[in-house]
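Structure, as structure tokens:
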Amino acid sequence: MERALELAALGCNTTQPNPRVGCVVARDERIIGEGWHQRAGEPHAEVFALRVAGAAARGATAYVTLEPCNHHGRTPPCSEALIAAGIARVVYSNGDPNPRVDGSGAARLRAAGVRVETGLLGERGAELNLGFFARMRRGRPWLRLKLAASLDGRTALANGESRWISSDSARADVHRFRAASAALLSTSATVIADDPRLDVRGIDVTPPRHPTRIVLDSHLRIRADAQLFATPGDVVLLAVESAVRATSHGERVHVQRLPADATGRVSLRAALEWMGAAGHNEIWTEAGATLAGALLAEQWADEVVLYLAPKFLGPDARPLAQLPALARLADAQAYRVHDLRQIGPDVRIMLRSGG
């Protein structure tokens, strides 16, 4: 199963909107076949592993990181492929929460006389598919909020200068997160102020990919000459339903109109639900203090990825997030440190709610 998880991780940048899955076929403690799901619409991990194993698969054990599917989609059911190959035992890490699977794969295998076991290295398997599991279970993706600040929690000087607070190493790390995400989320305020490309560059990603850029542009304020529209990859502008200005940004740009919240901006709930319905598993968010504060205050951020640079900017510099004032310290939302490491000269802290 350790090897199956390694194989599954090879699909981190390519399987969207499908889960990342690896499979190892073994007999007498010897691997006779292995494979991983590479892209949506292509064969699943089990099929690749069975092809390598060939006739030796009969009577063997298949170790899979996710419950084998049992429905016809763009590919045939993996449960049927395992049965046809004569696999005697299937061990998988996690059940598949997709309503089209959700136990039916295991049931089909057992009905055919295959021994089925589950739960092996389940925590690691779940970690690999946080976004897919979140989307299947609650209808919205796993949202990571990226923040970069000085040691005193400042993101820019009072005059707006912010390049660069974090190091080259930290920025390369950000691009690795971007490459593994289904989409990048930002705001029209950030696009107008910084004119970012929001693409993946400077790292070796095979095959090259550019996640969908999703921008909260409630009133369609972004100019057509923004760099965002000149770089590869699709762009979705999320606007309020009353925004009627025509756009001419090209065929790669789609305007999705959504309900407004009480402030007249696109409802974050509606935006996240739309992302889930669109099949996005993991969202990487880069924006200013306003969106960061809203995501934190409304607890929409599943994970905070904070890069701390070893420098101080002083009290007049811009804050990390615009949050409502608290009357009591006990009212502050608590987080737990999921991961802590040094990235170049900076420190990266990954936080999850529920401290």
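Not measured: the values here are computed from a predicted model.
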[X] side, atom [atom1]; [Y] side, atom [atom2] - distance, nearest 0.5 Å:
{"X": "L184", "Y": "D199", "atom1": "CG", "atom2": "CG", "value": "8.5 Å"}
{"X": "M1", "Y": "L121", "atom1": "CE", "atom2": "CG", "value": "6.5 Å"}
{"X": "E303", "Y": "R144", "atom1": "CD", "atom2": "CZ", "value": "4.5 Å"}

Problem set entry | Cation-pi, F132 ring and R135 (6.0 angstrom, 45 degrees) |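 Judged by the rule (NZ or CZ under 6.0 Å from the ring centre, within 45° of its axis), R135 is not positioned above F132.
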
Exercise. On the ring face of W164, is R171 found with NZ or CZ under 6.0 Å from the centre and within 45° of the axis?
Worked result: yes

Of the non-hydrogen atoms in [X] and [Y], which two are nearest, and what is the gap between them?
{"X": "T14", "Y": "Q38", "answer": "OG1-O, 2.6 Å"}
{"X": "P17", "Y": "G279", "answer": "CB-O, 3.1 Å"}
{"X": "V215", "Y": "S188", "answer": "CG1-N, 3.5 Å"}
{"X": "S218", "Y": "R265", "answer": "OG-CA, 3.4 Å"}
{"X": "I214", "Y": "A183", "answer": "CD1-CB, 3.6 Å"}
{"X": "R108", "Y": "S79", "answer": "CG-OG, 3.9 Å"}

Main-chain N/O of [Y] paired with [X] side-chain donor or acceptor, under 3.5 Å:
{"X": "R20", "Y": "N129", "answer": "no"}
{"X": "R252", "Y": "F229", "answer": "yes"}
{"X": "D261", "Y": "G264", "answer": "yes"}

Exercise. If we only count heavy atoms from C-beta on, is the L291 to T285 side-chain gap below 4.5 Å?
Worked result: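 They are in side-chain contact.
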
Taking [X] first and then [Y], would you say they form a salt bridge - that is, a charged N and a carboxylate O separated by under 4.0 Å?
{"X": "R352", "Y": "E127", "result": "yes"}
{"X": "D102", "Y": "R100", "result": "no"}
{"X": "E273", "Y": "R140", "result": "no"}
{"X": "E298", "Y": "R269", "result": "no"}

